[in-house]
S.K.: 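I am attaching a structure below and will ask some questions about it afterwards.
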Amino acid sequence: MCGRLACTLNPDEISAKCEYMSSKEKLEKPEWIHNDQEYKPVFNGPPTTVVAVLSSNKNLKLDKTSSTEFCLIPMRWGMLPSFKTEATGNFHTHNARIENILKSNLYKPSLMSGKRCVIITEGYYEWQTTPGENLKQPFFLYQNPDGPKFESKKNLIKLAGLFNISKDGDSVKYSCTVLTREADSSMAWMHYRMPVILNTREEVNNWLNYEEIEYKEAIDRLPKYEDCKKEFRLKHHAVNKTFVNNSSCNEAKCMQPAAAKYAYLSTLHDTNIQVGYTYSCLQPFHFRPIS
DNA sequence: CCAGACGTTGTT
DNA sequence: GTCTGG
DNA sequence: CCAGACGTTGTT
DNA sequence: GTCTGG
């Protein structure tokens, strides 16, 4: 899941939509930190794309700290392990299972050093697989009260993640990964995993404020999709597979609604999902069937 | 002791 | 089939 | 996530 | 770096 995303807002728009309550009880817009990676708006971004990431500024190993408590910083999506220095090969992870992060050698160092972050997206893509058929229908998932009018009132989807800082020759590279968990029953028809989504300021603060909230507590406080308010539930529509499947096609048409290629998909799924809705033919997969 | 792994995804 | 690159 | 490569020789 | 397996 969560292997392709979109974020078409410019840096200033993102900052405005990431306003948070500071420790002085004031609303603050996070300042952008500049490194040698560069965030650019993206319509169809695969792992390795540079994404906008919100983090506490205190664990970023900066020469000077930013003027805001939280800040935005460009990071490579696809976390490089902390134990690799220099040319890291291609060992990276763009998703991290929340079930595994506490016992994993890869993620424990990030958790222990407070490298918790929020990956800023406008939406993400998911490919629905159908058992027994070699067909995959891509969908775009997003939070936009106006539906698919991408020009106005864009709402962001904030994904809980972890990050790392690794040496890359003479420079320093920031990289991050998105936490995933089993999909809620209303989402399972599309895919059996989903990202951990943060909606409220409190949820964002719980995850980023690593000095006040230690990692085990922070993980416990991560919200479950099935508990989120109706206004935060994701919308979706089918998208054009010819465009979206090709990660080199970084164009707005990737996000546009398209007819699902197969009749059963368009009749059952080409509407916004309802809370509690389950598509009985596509239960979550399991690694091994019980029985 | 040293060597080698360290991850997710999909999927039946 | 499996790895790399986008 | 998907798409595309998957190789050697000789050498400006 | 740190844990597991030999």
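Every chain is numbered from 1 and lettered A, B, ... according to where its sequence line falls, protein lines coming before strand lines. Not measured: the values here are computed from a predicted model.
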S.K.: Is the shortest side-chain N/O distance from A:Asn100 to OP1 or OP2 of B:dT8 below 4.0 Å?
M.R.: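 Checking A:Asn100 against B:dT8: at least one side-chain N or O falls below 4.0 Å of OP1 or OP2.
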S.K.: To the nearest Å, how far apart are A:Lys241 NZ and D:dC2 C1'?
M.R.: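 It works out to 11 Å between those atoms.
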S.K.: With C1' as the reference atom in both, quote the distance from B:dG7 to D:dC1 in angstrom, rounded to an integer.
M.R.: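 It works out to 15 Å between them.
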S.K.: Is A:Asn245 near enough to D:dA3 that one of its side-chain N or O atoms lies under 4.0 angstrom from OP1 or OP2?
M.R.: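 Answer is yes, contact under 4.0 Å.
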S.K.: In whole Å, what separates the P atom of B:dT9 from that of E:dT2?
M.R.: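 Result for the P pair: 26 Å, nearest Å.
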S.K.: Could you tell me whether the phosphate oxygens of B:dT8, OP1 or OP2, come under 4.0 Å of any side-chain nitrogen or oxygen in A:Thr177?
M.R.: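 For B:dT8, neither OP1 nor OP2 has a side-chain N or O of A:Thr177 closer than 4.0 Å.
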S.K.: Do any N or O atoms from the side chain of A:Trp32 and from the backbone of A:Pro11 form a donor-acceptor pair under 3.5 angstrom?
M.R.: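 Confirmed, A:Trp32 side chain pairs with A:Pro11 backbone.
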S.K.: Has A:His92 got a side-chain N or O lying under 4.0 Å from the OP1 or OP2 atom of C:dT4?
M.R.: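 No, A:His92 has no side-chain N/O under 4.0 Å of OP1/OP2 on C:dT4.
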S.K.: Between B:dG10 and D:dC2, how many Å separate the two C1' atoms, rounded to a whole number?
M.R.: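 Straight-line distance between the two C1' atoms is 13 Å.
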S.K.: What's the closest nucleotide to the side chain of A:Lys136 if the choices are B:dT11, C:dG6, B:dT9?
M.R.: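 Nearest nucleotide to the side chain: B:dT11.
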S.K.: Between D:dC1 atom P and A:Asn95 atom CG, what is the distance in whole Å?
M.R.: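 Computing the A:Asn95:CG to D:dC1:P distance gives 8 Å.
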S.K.: Considering every strand shown, what is the Watson-Crick or G-U wobble mate of E:dG1 when both distances are under 3.5 Å?
M.R.: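 WC or wobble partner is B:dC6.
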S.K.: Given B:dT11, C:dG6, E:dC3, which nucleotide is nearest the side-chain atoms of A:Lys108?
M.R.: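 Nearest listed nucleotide: E:dC3.
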S.K.: The side chain of A:Ser248 lies closest to which of these nucleotides: B:dT8, B:dG10, C:dG6?
M.R.: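 Per side-chain heavy atoms of A:Ser248, the pick is C:dG6.
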S.K.: How many Å lie between CG on A:Asn246 and P on D:dA5, as a whole number?
M.R.: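 In whole Å, D:dA5 P lies 12 Å from A:Asn246 CG.
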S.K.: Does A:Thr49 reach a base, just sugar-phosphate, or nothing at all? Heavy atoms under 4.0 Å.
M.R.: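 Nothing, no nucleic acid heavy atom in range.
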S.K.: By the 4.0 Å heavy-atom rule, please label A:Thr48 as base, sugar-phosphate, or nothing.
M.R.: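 Base contact.
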S.K.: Examine the side chains of A:Ser56 and A:Lys58 and answer whether a donor and an acceptor come within less than 3.5 Å of each other.
M.R.: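 Side chains of A:Ser56 and A:Lys58: no pair found under 3.5 Å.
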S.K.: As a test of reading the structure: which of C:dG6, B:dT8, B:dC6 is closest to the side chain of A:Ser247, going by heavy atoms?
M.R.: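 Among the listed nucleotides, the one closest to the side chain of A:Ser247 is C:dG6.
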S.K.: Rounded to whole Å, how long is the line connecting atom NZ of A:Lys167 with atom P of E:dG1?
M.R.: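 After rounding, the gap between these two atoms is 10 Å.
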S.K.: Just call it for A:Asn250: base, sugar-phosphate, or nothing, with non-hydrogen atoms closer than 4.0 Å on any strand.
M.R.: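 Nothing, no nucleic acid heavy atom in range.
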S.K.: Given B:dC6, B:dT9, D:dC2, which nucleotide is nearest the side-chain atoms of A:Ser104?
M.R.: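 Nearest nucleotide to the side chain: B:dC6.
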S.K.: Please report, rounded to the nearest Å, how far the C1' atom of B:dT9 is from the CG atom of A:Leu179.
M.R.: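 Distance check: A:Leu179 CG to B:dT9 C1' gives 16 Å.
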S.K.: Using atom C1' in both nucleotides, what's the gap between C:dG5 and B:dC6 to the nearest angstrom?
M.R.: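 Approximately 22 Å lies between the C1' atom of C:dG5 and that of B:dC6.
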S.K.: With the side chain of A:Arg193 defined as its heavy atoms from C-beta on, choose the nearest nucleotide among D:dC2, B:dT9, B:dC6.
M.R.: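 Nearest to the side-chain atoms of A:Arg193, counting from C-beta on, is B:dT9.
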S.K.: Is a donor from one side chain sitting under 3.5 angstrom from an acceptor on the other, for A:Tyr20 and A:Glu28?
M.R.: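 Indeed, the side chains of A:Tyr20 and A:Glu28 share at least one donor-acceptor pair under 3.5 Å.
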S.K.: Can you tell me which nucleotide in B:dG10, B:dG7, D:dC2 comes closest to the side chain of A:Trp127?
M.R.: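 Closest nucleotide to the A:Trp127 side chain: D:dC2.
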S.K.: Can you tell me the distance, in whole Å, between the NE2 atom of A:His94 and the C1' atom of C:dG6?
M.R.: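 Distance, rounded to whole Å: 13 Å.
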S.K.: For A:Phe83 and B:dC6, do the ring centres fall under 5.5 Å apart while the planes stay under 30° apart?
M.R.: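 Stacking is present between B:dC6 and A:Phe83, given that their ring centres fall under 5.5 Å apart and the planes under 30°.
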S.K.: The side chain of A:His191 lies closest to which of these nucleotides: B:dT9, D:dC2, B:dG10?
M.R.: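 From the listed options, B:dG10 comes nearest.
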S.K.: Indicate, with a heavy-atom threshold strictly under 4.0 Å, whether A:Pro46 touches base, sugar-phosphate, or nothing.
M.R.: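 Base, at least one base atom sits under 4.0 Å.
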S.K.: Should the heavy atoms of other residues, nucleotides or ligands under 6.0 Å from CE of A:Met21 be counted, would the total exceed 12?
M.R.: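 Above 12, so yes.
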S.K.: Return yes when atom CD of A:Glu212 has more than 12 non-hydrogen atoms of other residues, nucleotides or ligands closer than 6.0 Å, and no otherwise.
M.R.: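 Counting other residues, nucleotides and ligands, CD of A:Glu212 stays at 12 neighbours or fewer.
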S.K.: In the structure I gave you, are the side-chain heavy atoms of A:Ser23 and A:Glu69 within less than 4.5 Å of one another anywhere?
M.R.: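 Contact flag for A:Ser23/A:Glu69 side chains = yes.
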S.K.: Taking the six-membered ring where the residue is Trp, are the ring centres of A:Phe139 and A:Trp189 under 6.0 Å apart?
M.R.: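 For A:Phe139 and A:Trp189, the ring centres are under 6.0 Å apart.
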S.K.: Using whole Å, what does the distance between atom C1' of nucleotide E:dG1 and atom OH of A:Tyr107 come to?
M.R.: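 That distance rounds to 16 Å.
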S.K.: Which nucleotide, C:dG6, B:dG10, E:dG1, lies nearest any side-chain atom of A:Asn105?
M.R.: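 Output: E:dG1.
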S.K.: Using the P atom on both, measure B:dA3 against C:dG6 and round to a whole Å.
M.R.: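 To the nearest whole Å, 34 Å.
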S.K.: Please give, in whole Å, the distance from B:dT8 P to A:Leu159 CG?
M.R.: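 Result: 16 Å.
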S.K.: Could one point to a donor on the side chain of A:Tyr192 or the base of B:dG10 with an acceptor on the other under 3.5 Å away?
M.R.: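 Looking at the base of B:dG10, it does pair with a donor or acceptor on the side chain of A:Tyr192 (distance under 3.5 Å).
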